[in-house]
Amino acid sequence: MTYTKERETMKVLIVDDEKHVREAIRYFVPWEKHQIDGIFEATNGQEAMQVMEEEQPAVVFTDMRMPLMDGAELLEWLHGHYPETKTIVISGYQDFNYVKPAIVYGGTDYLLKPLNSRQLIDAAEHAFKLWREEEAERQQTRSRNIQLNVLRPLYWDKMLSDLVAGHASFKELKPALHEELGMPEHAAGCRAAVISLQHSDCRLLQRFHGDVGLTSFVLANVCNEVITAERSGFAFRSWQAGADIVMLFWADVTEAEARLQRINESVRQAYGIQIDIGLSQVCAFPEGLQSAFRQAREGLNERNLLQREGRIHLYREQQGDSGSEKDYVLDTLSDKLGIAVLSGDMERMERVIAEWGDRLGGLPVLTESSLMRQQEEICAVLQRWRPEAEIRIEPCYDEEGLFSVSNWQKQLKTLLQRLSQGGSSTPDSRLVQDIRDYLEQNYARDMTLQHIAERFFISRENVSRKFKQISGENLSDYLTSLRISKAKTLLHNTGLRLSQISELVGYEDEKYFSRVFKKATGLTPREYRKQ
């Protein structure tokens with residue numbers, strides 16, 4: 001981003017205890033030519049300080065000999081508090097003691113009284129030019145810093161993800177880790193913790209309408225509010241499979257579990273939700289980083305789904321040994337379900353599912369990986385029964401985000417009933433679902449009915465009619481509702497400008513977006529954000 005303003009308006013301050021000198025400066029300098037939009041006066045250094053604090057002029061004309069506070073003291077104060085301000089000294093004395101402060105504290109010119117109009121104009125224009133050139137550089141620097149602030153977290157997401165995966169050199173990253181992230185130079189041990197937003201029913205992800213990127217961004221910030229405040233580690237968005245957020249602890253690693261508890265409490269207070277977190281054992285640092293990351297993932301994946309207390313899941317050696325439970329599932333219940341399916345007896349099938357759920361609930365340990373294996377086995381049996389049907393089973397959770405055996409049994413019974421009726425899915429319903437999925441992924445694009453019709457090889461009239469027939473609402477209303485929902489999430493959880501949010505949800509015109517938003521919600525975007 002470059003500095004694009006043709007001219008930056010500015011203010012000036014004239015400081016002199018003699019009124020005729022102030023008037024002369026006002027008279028000679030062509031203020032309008034240089035877009036000076038404010039000219040202020042002071043009779044001594046103390047008055048000048050007050051004006052500076054209230055108006056912050058860019059250029060100051062000052063006398064050297066004044067009552068209460070002279071020019072030398074004022075120049076010193078300006079140099080310490082407003083170093084970007086340009087100063088022009090106007091004095092009736094050539095004594096070095098008066099010239100020296102102007103030189104030491106960065107005065108642009110030293111003019112002698114009585115004032116020469118040409119010298120005064122040249123000195124003023126020189127100061128205006130210097131301030132504008134430096135302001136342009138400051139604007140460019142601010143712009144670069146903003147870009148760096150945006151890109152820096154992405155850089156650390158990538159670098160730390162590579163580090164825990166063994167794809168980056170710790171030796172090369174060590175200086176930056178120490179300087180930017182506060183890692184101790186001689187850390188002896190480390191621990192890793194991971195959060196996954198997709199492997200289970202993460203209700204926090206639901207709060208952000210399934211937007212993994214936005215949820216990860218918010219969650220990483222919450223984690224770092226706890227971790228970086230104590231300079232004990234750093235949380236980042238993972239580029240590696242099996243984790244969306246990774247936390248590395250390299251100081252006071254024995255307190256890692258307590259910090260994770262505080263993070264969960266922060267999430268609970270903000271969103272009314274608790275999340276599952278996998279935590280590694282203490283590993284050597286830095287050579288144990290990869291082991292810590294692996295252990296944290298295993299601690300999360302092999303957590304006991306039947307555990308009702310505690311959401312921090314520690315890695316334990318030989319955890320996840322579920323051979324015995326797998327044996328009886330495959331040898332007993334899988335066969336029972338297969339026979340029940342062949343019989344076509346719905347009550348018999350439901351009894352097997354009820355027994356299966358009861359056996360799960362009675363286990364001392366039920367890991368997510370074990371549950372997924374059992375669900376795959378059930379899907380395989382049902383797929384042989386209905387090869388044309390789409391069969392998918394999800395882990396079921398209760399209002400606290402914990403695995404619910406009863407909800408799981410209800411889901412399977414509903415699935416059996418659908419399959420026994422030959423399936424409720426029709427070509428038209430699948431088409432409408434495909435359109436919904438497409439809009440969910442592309443709502444930010446310029447989307448027309450013709451574009452959707454061409455995308456799905458169907459006429460515009462048929463697209464509109466089938467969507468209304470299956471879903472009960474107009475396609476355009478559905479897209480608007482989807483965009484407004486996404487906009488609400490961004491307004492509530494980010495500090496983005498309205499123009500940026502408008503573009504992100506598919507509206508190029510911010511004013512049009514505001515009208516659509518108000519029509520849908522009864523509030524303008526700004527009113528909604530304030531609420």
Side-chain angles (χ1 to χ4, degrees), residues 1 4-5 9 37 53-56 139 142-143 145-154 157 195 197 202-229 235 237 244-245 262-275 399 401 439-447 473-474 476-531:
M1 180 176 179
T4 57
K5 289 186 179 180
T9 58
D37 64 351
E53 290 173 345
E54 293 175 356
E55 304 294 341
Q56 298 181 8
Q139 290 274 14
R142 283 193 286 268
S143 175
N145 288 338
I146 290 172
Q147 292 175 1
L148 286 174
N149 288 336
V150 171
L151 294 175
R152 206 60 183 165
L154 297 176
D157 290 344
I195 299 171
L197 300 176
C202 184
R203 292 181 301 146
L204 184 61
L205 185 60
Q206 296 173 10
R207 288 289 299 272
F208 288 88
H209 305 286
D211 191 326
V212 175
L214 178 58
T215 311
S216 299
F217 174 79
V218 171
L219 192 51
N221 286 340
V222 172
C223 294
N224 276 324
E225 283 180 5
V226 174
I227 300 172
T228 59
R237 292 167 290 182
D244 292 291
I245 300 294
R262 291 202 294 275
I263 288 170
N264 232 341
E265 180 60 20
S266 296
V267 175
R268 187 194 65 77
Q269 290 180 0
Y271 302 103
I273 291 168
Q274 293 216 358
I275 50 180
E399 64 277 2
L439 294 178
E440 179 70 26
Q441 298 296 321
N442 297 277
Y443 62 88
R445 297 174 56 186
D446 183 17
M447 197 67 60
E473 63 180 323
N474 292 325
S476 59
D477 292 341
Y478 176 82
L479 178 57
T480 298
S481 177
L482 177 63
R483 285 171 166 171
I484 295 302
S485 176
K486 298 291 184 181
K488 286 180 177 179
T489 301
L490 293 169
L491 287 166
H492 182 68
N493 296 291
T494 75
L496 295 173
R497 297 192 303 273
L498 293 187
S499 60
Q500 294 172 316
I501 292 176
S502 171
E503 183 177 353
L504 286 173
V505 298
Y507 295 101
E508 293 183 359
D509 188 335
E510 179 185 340
K511 292 182 179 178
Y512 178 68
F513 160 67
S514 295
R515 289 198 300 271
V516 172
F517 190 96
K518 184 169 184 179
K519 182 179 179 181
T521 66
L523 299 170
T524 66
R526 286 188 173 86
E527 290 170 344
Y528 180 86
R529 172 172 272 171
K530 288 179 181 178
Q531 282 195 347

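Reckoned from all heavy atoms, side chains included, excluding hydrogens, waters and symmetry mates.
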Expected output: side-chain [X] to main-chain [Y] donor-acceptor under 3.5 Å:
| X | Y | answer |
| --- | --- | --- |
| Asp157 | Arg237 | yes |
| Ser266 | Arg262 | yes |
| Thr215 | Asp211 | yes |

Crowding at CD, Glu503 (>12 non-hydrogen neighbours, <6.0 Å) | no

For atom OH of Tyr478, decide whether the heavy atoms of other residues, nucleotides or ligands shown that lie under 6.0 angstrom number more than 12.
-> yes

What are the two closest heavy atoms between [X] and [Y], and how far apart are they?
| X | Y | value |
| --- | --- | --- |
| Thr480 | Tyr507 | CG2-OH, 4.0 Å |
| Ile263 | Val222 | O-CG1, 4.5 Å |
| Ile484 | Ala520 | CG1-CB, 4.1 Å |

Residues in side-chain contact (heavy atoms from CB on, under 4.5 Å) contact with [X], at least two apart in sequence or another chain:
| X | value |
| --- | --- |
| Glu53 | Trp77, Tyr82 |
| Arg497 | Ser499, Gln500 |
| Thr489 | Phe208, His209, Leu214, Asn493 |
| Arg268 | Glu265, Gln274 |

Could you grab the distance from atom [atom1] of [X] to atom [atom2] of [Y], nearest 0.5 Å is fine?
| X | Y | atom1 | atom2 | result |
| --- | --- | --- | --- | --- |
| Tyr443 | Leu504 | OH | CG | 7.5 Å |
| Met447 | Asn442 | CE | CG | 5.0 Å |
| Leu219 | Ile245 | CG | CD1 | 5.0 Å |
| Thr521 | Tyr528 | OG1 | OH | 8.0 Å |

Mind checking whether Ile275 and Asn264 have side chains closer than 4.5 Å, heavy atoms only?
-> yes

Could you tell me whether the side chain of Thr524 reaches within less than 4.5 Å of the side chain of Ser514, counting heavy atoms only?
-> no

Within residues 522-531 or reaching into it, pairs that qualify as salt bridge (Lys or Arg N to Asp or Glu O under 4.0 Å) - sequence neighbours excluded = none

Just grab all the salt bridge (Lys or Arg N to Asp or Glu O under 4.0 Å) pairs involving residues 477-496, residues at least two apart or on different chains.
-> Glu440-Lys486

Full working for side chain to side chain contact (heavy atoms under 4.5 Å, CB included) between Val505 and Phe517 = CA-CA 11 Å; Val505 298; Phe517 190 96; over 6 Å; no

